[in-house]
Trainee: 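Starting off with a structure, shown below.
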Amino acid sequence: MIKSIKGTRDILPPESALWSRVENTAREIFERYGFAEVRTPIFESTELFARGVGADTDIVSKEMYTFEDRDERSLTLRPEGTAPVVRAHIEHRLQQETSIAKLYYLGPMFRRERPQKGRYRQFHQIGAEVLGSDNPAIEAEVLEMLQFFLRLLGIQDQTLLVNSIGCPACRPQFLEHLKRSLAEKKTGLCPDCQRRSETNPLRVLDCKVESCQPAIESLPKISDFLDSACRAHFEKFLGYLASRQVAFTIVPRLVRGLDYYTRTTFEITSGALGAQNTLIGGGRYDGLAEALGGPSTKGFGFALGLERILLVLQDRGNPPDPLTPQVYLAPLGERAFDTATLIAKCMRENGIRCFLDFDARSLKSHLRLANKLGSLYALIFGEVELQAGNYQLKQMTNGEQTTLTPDELMRAAESSGQADLRTSILKALFLARSTYHF
RNA sequence: GUGAGUGUAGCUCAGCUGGUAGAGCGCUGGAUUGUGGCUCCAGUGGUCGUGGGUUCGAUCCCCAUCACUCACCCCA
């Protein structure tokens, strides 16, 4: 049997309906905040990520799906969305169009990691970027938008964690002090942290091992090393959050794993997710556009993990509201079936979700299927009805069944105003009869 | 890349110190020649993940391998 490959999965109904709901909510809300959709290719030149994300990051050094095409160009399945959006912004000179661009995207990303809860090799992100401004007010607005978005989905118990990681001007001093301090405390650290002290000192701050905590507490804090511009930026940002009544927690140890982040970073987490509890992550990246060879363009953005959002929603027992038929057609006999195909055509042209099976079935079997599908009505007709020119309409929810006469169909067709489902069905049926003469 | 756990019917799982497999749900049909859901009956279902070893005999014990899950690393 051919199976989907490791770390990928099929999203089947009714779960897929829940995905649509989340995606539609995001589109609706982001557009309300002035963002427009951008669709970038799923694969890009490998260099884009090497330069944008950082050659030394885990993503680039060991997690990318990279291959050569026939021109021997190195291509990579996108592992994240920000670098491609910034690339597109530079390539199409969008800065010339408007000084500020607000773009959102949604789609699959690819990283070759060991799958686990809330982590896949093909996973899906919704993200947004604001390009062309370094005003911290933008950041506060985006976070307000995200909390609104989560609230609409019914995710209330989220936590917003914020921090500033400084800029290329002030971070090096901090890193130096951090490294020196780490070297002194080396013996008190776990093996992972001893290694991280060399390879990625910032990550030591994020260590969860209990025995490391005392040492971590005594390490220098980034906030003590921010230069005046970064400090002012961060304080304004916090002020804007407060005035918008967006609740937050400052976490001085919050760091990001991608090279392009500067100044503001944030994370929105939720419990009940297992080890991967980050729902949304993002921050400012004022140097990215230049690193990619474009004009200096300040940027701020985020990405949210759809799989993780869905995990939280499913954990809450959200009903995935499946698309049930509004009418199930139950023709009895060959002649009735031929008529049913015409009725189905007319129903569908008039906006009614209608189900017609192609096997000859007994009435019992028809109704069982209608019930199984959750259909609201069943339209029953066989030779008896065809002779008399009428139909049996059964309401599946309460079992009430009425005989529809040609007279009644005509009355429904002539009624005006907002039609309920039953009337809409009668109208479509009338239309089918007068169009196809049966 | 590392560690741990789990692989038995479409799904969720039983299977006692090794004697070649069961239940519930589902699906199909019937009880009700043209009336669903509840009930009852019948039918459909499985190379016991794969390969090798031990044994008279392995779903069970041993080894290997693959897959899945969770965790580490790291990230959404």
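These figures come from a predicted structure and were not determined experimentally. So you know, we letter chains A, B, ... as the sequences are listed, proteins then strands, and number each from 1.
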Trainee: May I ask you to evaluate whether A:Lys6 reaches the phosphate of B:C68, defined as a side-chain N or O under 4.0 Å from OP1 or OP2?
Mentor: yes
Trainee: If pairing requires Watson-Crick or G-U wobble contacts with both distances under 3.5 Å, which nucleotide is the partner of B:C70?
Mentor: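 When the pairing criteria are applied, B:G3 turns out to be the nucleotide that pairs with B:C70.
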Trainee: Heavy-atom distance under 4.5 Å between the side chains of A:Leu429 and A:Leu379, does that happen here?
Mentor: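 In contact.
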Trainee: Starting at CH2 of A:Trp19 and ending at P of B:A76, how long is that distance when rounded to a whole Å?
Mentor: 16 Å
Trainee: Indicate yes or no: does A:Glu47 engage A:Arg51 in a salt bridge with an N to O separation below 4.0 Å.
Mentor: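 Result for this pair is yes, salt bridge flagged.
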Trainee: Could you tell me whether the side chains of A:Glu141 and A:Tyr240 share a donor-acceptor contact shorter than 3.5 Å?
Mentor: no
Trainee: On a whole-Å scale, what distance lies between the C1' atoms belonging to B:A21 and B:A31?
Mentor: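 31 Å, rounded to whole Å.
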Trainee: Using a heavy-atom cut-off of under 4.0 Å over every strand shown, decide if A:Gly127 touches base, sugar-phosphate, or nothing.
Mentor: nothing
Trainee: Report which part of the nucleic acid A:Gln401 touches: base, sugar-phosphate, or nothing (heavy-atom distance under 4.0 Å, all strands).
Mentor: base
Trainee: Can you tell me the distance, in whole Å, between the CZ atom of A:Arg114 and the P atom of B:G3?
Mentor: 9 Å
Trainee: Looking only at side-chain atoms of A:Leu363, point me to the closest of B:A76, B:G36, B:G34.
Mentor: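 Selected nucleotide: B:G34.
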Trainee: Can you measure A:Leu311 atom CG to B:U69 atom P for me and round it to whole angstrom units?
Mentor: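 Value for this atom pair: 12 Å.
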Trainee: Please work out whether the ring planes of A:Phe30 and A:Phe302 are parallel, tilted or perpendicular, with thresholds of 30° and 60°.
Mentor: perpendicular
Trainee: Sticking with atom P, work out how far B:A14 lies from B:A9, rounded to a whole angstrom.
Mentor: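 So the two P atoms sit 12 Å from each other.
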Trainee: Select from A:Glu383 and A:Arg361 the residue whose nearest nucleotide in RNA chain B is closer to the 5' end of that strand.
Mentor: A:Arg361
Trainee: Using both distances under 3.5 Å as the test, list the Watson-Crick or G-U wobble partner of B:U65, or none.
Mentor: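 Pair assignment: B:U65 / B:G49.
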Trainee: Can you find a donor-acceptor pair, distance only, under 3.5 Å between A:Lys364 side chain and B:U35 base?
Mentor: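 Side chain to base: no pair below 3.5 Å.
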Trainee: Side chain to side chain contact (heavy atoms under 4.5 Å, CB included), that's the test. Do A:Leu160 and A:Ile280 meet it? Break it down for me.
Mentor: CA-CA 9 Å; A:Leu160 169 62; A:Ile280 306 177; over 6 Å; no
Trainee: When the P atoms of B:U65 and B:C70 are considered, how many whole Å apart are they?
Mentor: 23 Å
Trainee: Looking at A:Gln116, I'd like to know whether one of its side-chain N or O atoms comes within less than 4.0 Å of OP1 or OP2 on B:A71.
Mentor: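 Indeed, a polar side-chain atom of A:Gln116 lies that close.
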Trainee: For A:Ala370, which contact category applies under a 4.0 Å heavy-atom criterion: base, sugar-phosphate, or nothing?
Mentor: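 Since no nucleic acid heavy atom lies under 4.0 Å of A:Ala370, the category is nothing.
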Trainee: From C-beta outward on A:Lys394, which listed nucleotide comes closest to its side chain: B:U35, B:G34, B:C74?
Mentor: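 Taking heavy atoms from C-beta onward, the closest nucleotide is B:U35.
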Trainee: With a 3.5 Å limit on both atom pairs, tell me what B:U55 is paired to, counting Watson-Crick and G-U wobble, or say none.
Mentor: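 By the stated definition (distances under 3.5 Å), nothing pairs with B:U55.
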Trainee: Does A:Ser61 reach a base, just sugar-phosphate, or nothing at all? Heavy atoms under 4.0 Å.
Mentor: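 No contact at all - A:Ser61 keeps every heavy atom at 4.0 Å or more from the nucleic acid.
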Trainee: Is there a side-chain polar atom (N or O) of A:Thr57 under 4.0 Å from OP1 or OP2 of B:C74?
Mentor: no
Trainee: For A:Glu267, which contact category applies under a 4.0 Å heavy-atom criterion: base, sugar-phosphate, or nothing?
Mentor: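 Since no nucleic acid heavy atom lies under 4.0 Å of A:Glu267, the category is nothing.
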Trainee: For B:C41 and B:U32, measure between their P atoms and round to the nearest Å.
Mentor: 16 Å
Trainee: Could you tell me whether A:Gly282 contacts a base, only the sugar-phosphate backbone, or nothing, with contacts defined as non-hydrogen atoms closer than 4.0 Å?
Mentor: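 No contact.
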Trainee: Ignoring the backbone of A:Tyr261, work out which of B:A76, B:A67, B:G36 is nearest its side chain.
Mentor: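 Selected nucleotide: B:A76.
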Trainee: To the nearest angstrom, how far is A:Lys117 atom NZ from B:A71 atom P?
Mentor: 7 Å
Trainee: Determine which nucleotide pairs with B:A76, using a 3.5 Å limit on both distances of a Watson-Crick or G-U wobble pair.
Mentor: none
Trainee: Write down the distance separating the C1' atoms in B:U54 and B:G18, rounded off to the nearest Å.
Mentor: 12 Å
Trainee: Do A:Pro84 and A:Phe49 come close enough that some side-chain heavy atom pair is under 4.5 Å?
Mentor: yes
Trainee: Give none if B:G24 has no partner; otherwise give the nucleotide forming a Watson-Crick or G-U wobble pair with it, both distances under 3.5 Å.
Mentor: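 Pairing partner: B:C11.
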Trainee: Please report, rounded to the nearest Å, how far the P atom of B:U28 is from the NE2 atom of A:His366.
Mentor: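 Computing the A:His366:NE2 to B:U28:P distance gives 13 Å.
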Trainee: Whole Å only: how far is the CG atom of A:Asp56 from the C1' atom of B:C73?
Mentor: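 The distance from CG of A:Asp56 to C1' of B:C73 comes to 16 Å, rounded to the nearest Å.
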Trainee: Looking at side-chain heavy atoms only, is the closest gap between A:Leu421 and A:Ile425 below 4.5 Å?
Mentor: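 SC-SC contact between A:Leu421 and A:Ile425 confirmed.
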Trainee: Heavy atoms from C-beta onward define the side chain here; which of B:C72, B:A76, B:U35 lies closest to that of A:Leu367?
Mentor: B:U35
Trainee: Would you classify A:Glu385 as touching base, sugar-phosphate or nothing, given that sugar-phosphate means primed atoms plus P, OP1 and OP2, and contacts are heavy atoms under 4.0 Å?
Mentor: base
Trainee: Using the P atoms only, state how far B:U44 lies from B:G24, rounded to an integer number of Å.
Mentor: 15 Å
Trainee: If we take the P atom in both B:C63 and B:U39, what is their distance in whole Å?
Mentor: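 Per the computed distance, 47 Å lies between those P atoms.
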Trainee: May I ask you to say what A:Ile380 touches in the nucleic acid, namely base, sugar-phosphate or nothing, with a heavy-atom cut-off under 4.0 Å?
Mentor: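 Counting heavy atoms under 4.0 Å across all strands, the contact made by A:Ile380 includes a base.
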Trainee: If the plane angle is over 60° it's perpendicular, under 30° parallel, otherwise tilted; pick one for A:Tyr328 and A:Phe355.
Mentor: parallel
Trainee: Below 4.5 Å, heavy atoms only, C-beta onward: do A:Pro331 and A:Phe337 meet side chain to side chain?
Mentor: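 A:Pro331 reaches A:Phe337 side chain to side chain.
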Trainee: Could you check whether A:Leu332 gets within reach of a base, just the sugar-phosphate, or nothing at all, counting any heavy atom under 4.0 Å?
Mentor: base
Trainee: Measure CZ/A:Arg119 against C1'/B:C70 and give the value in whole Å, please.
Mentor: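 To the nearest whole Å, that distance equals 12 Å.
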Trainee: A:Gln125 side chain: which of B:A76, B:U35, B:G34 is closest?
Mentor: B:A76
Trainee: Does B:G29 pair with anything, Watson-Crick or G-U wobble, both distances under 3.5 Å, and if so, with which nucleotide?
Mentor: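 Because both required distances fall under 3.5 Å, B:G29 counts as paired with B:C41.
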Trainee: For the side chain of A:Asn371 and the base of B:G36, is some donor closer than 3.5 Å to an acceptor across the two?
Mentor: yes
Trainee: In whole angstrom, give me the gap between the C1' atoms of B:U47 and B:G43.
Mentor: 23 Å
Trainee: Which comes earlier along RNA chain B counting from the 5' end, the contact point of A:Asn398 or that of A:Lys372, where each point is its nearest nucleotide?
Mentor: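 Result of the comparison: A:Lys372.
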Trainee: Calculate the interatomic distance between A:Ile2 atom CD1 and B:G49 atom C1'; express it in whole Å.
Mentor: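 Distance check: A:Ile2 CD1 to B:G49 C1' gives 17 Å.
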